[in-house]
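When a ligand or atom number is given, it counts from 1 through the structure's own listing order.
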Amino acid sequence: MNNLKRVVAINDISCVGRCSLTVALPMISAAGIECSILPTAILSTHTGGFSGFTFHNLSEEMDKIVAHWKSLNLHVDTLYSGYLGSADQVDKVLNIFNTFSNAFRIVDPVMADNGKLYSAFDDTFPSYMARLCKGADVILPNITEACLMTGIKYLEGTHTKEYIEKILNACLNLGAKNVCLTGVSLEEGKLGAATLSHDGKFSYYALDKIDGYFHGTGDVFGSVFVSAYTLGKSIEDASKLACDITVKAIKETINRPQEAKYGVNFELTLNDLYKALN
Ligand code: PXL
């Protein structure tokens, strides 16, 4: 029997509306990786587009879970952090990074999109997320999140390479080793990702833009990126595969119309994900 790689996904459980752990668990598993989880909060739905959702913070439980793991001599290949329940959880995640110090650290600083913070966070939150990015092997911000953490002004629409490279450089200045920036559009009608690695190499990848806002695509992108990187792909190849699978998931959603807030039909991409990585 081969030993599978293990990812620990640190993210919330939004019970309905595919995002965070309801995306990370099935996708990372489908890549042939064991996905352990550290839930940060439990919500009836995610916070984008539903009203009246429930929210239960799991900060106290997180400490107890990690304390137990310490006693198990657990092997972890990659720690993947996403949506946090509150700013105090940044220290908890840093503590987990130090506990499993041989694991890759991939931080998706989930907190904002389209120029705006998600409703659960206040203006101080980006500075906490910036602390978490320090020392990460890879960070996966969208343009809004990168701007909020670096103080660069957020610009809508298509971007110049100068603007994107200024953001990428500023992200590495936060102390991350590599960055993969999502939501990058250098040309009208195209959308994709840009990377900057520790050796100063930039890469760009884009596909035809599909109009509309699709909830949870950042989590699809992140889960594929984390899977590919954990299995030894380069930053550039992990970014390309994450773009390809995310676009496929969006296309599968357009064919089977549903309300966008319920997330994309990533389930129909799992076969492609497995084949691309195994
Ligand atoms: O997909 C990002 C995300 C994750 N978790 C929760 C969210 C969001 C985005 O709105 O609300 C709870």
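Between Phe121 and Tyr118, the ring planes are tilted. Angles from 30° to 60° get that label.
For ligand 1, the 4.0 Å heavy-atom shell takes in Asp12, Ser14, Cys19, Ser20, Leu43, His46, Thr47, Gly48, Tyr83, Val110, Tyr118, His215, Asp219, ordered by chain and residue number.
Judged as a ring pair (Phe, Tyr, Trp, His ring centres under 6.0 Å), and not counting sequence neighbours, Phe214 has no contacts.
Under a 3.5 Å cut-off, the side chain of Glu145 and the backbone N or O of Met111 do form a donor-acceptor pair. At least one donor-acceptor pair under 3.5 Å links the side chain of Asn169 to the backbone N or O of Glu165. Using a distance-only test at 3.5 Å, with no hydrogens or angles considered, no donor-acceptor pair links the side chain of Thr269 to the main chain of Lys248.
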Handout entry: Derivation and outcome, ring pair (Phe, Tyr, Trp, His ring centres under 6.0 Å), residues Tyr229 and Tyr80
Key = CA-CA 11 Å; Tyr229 192 75; Tyr80 165 35; over 10 Å; no
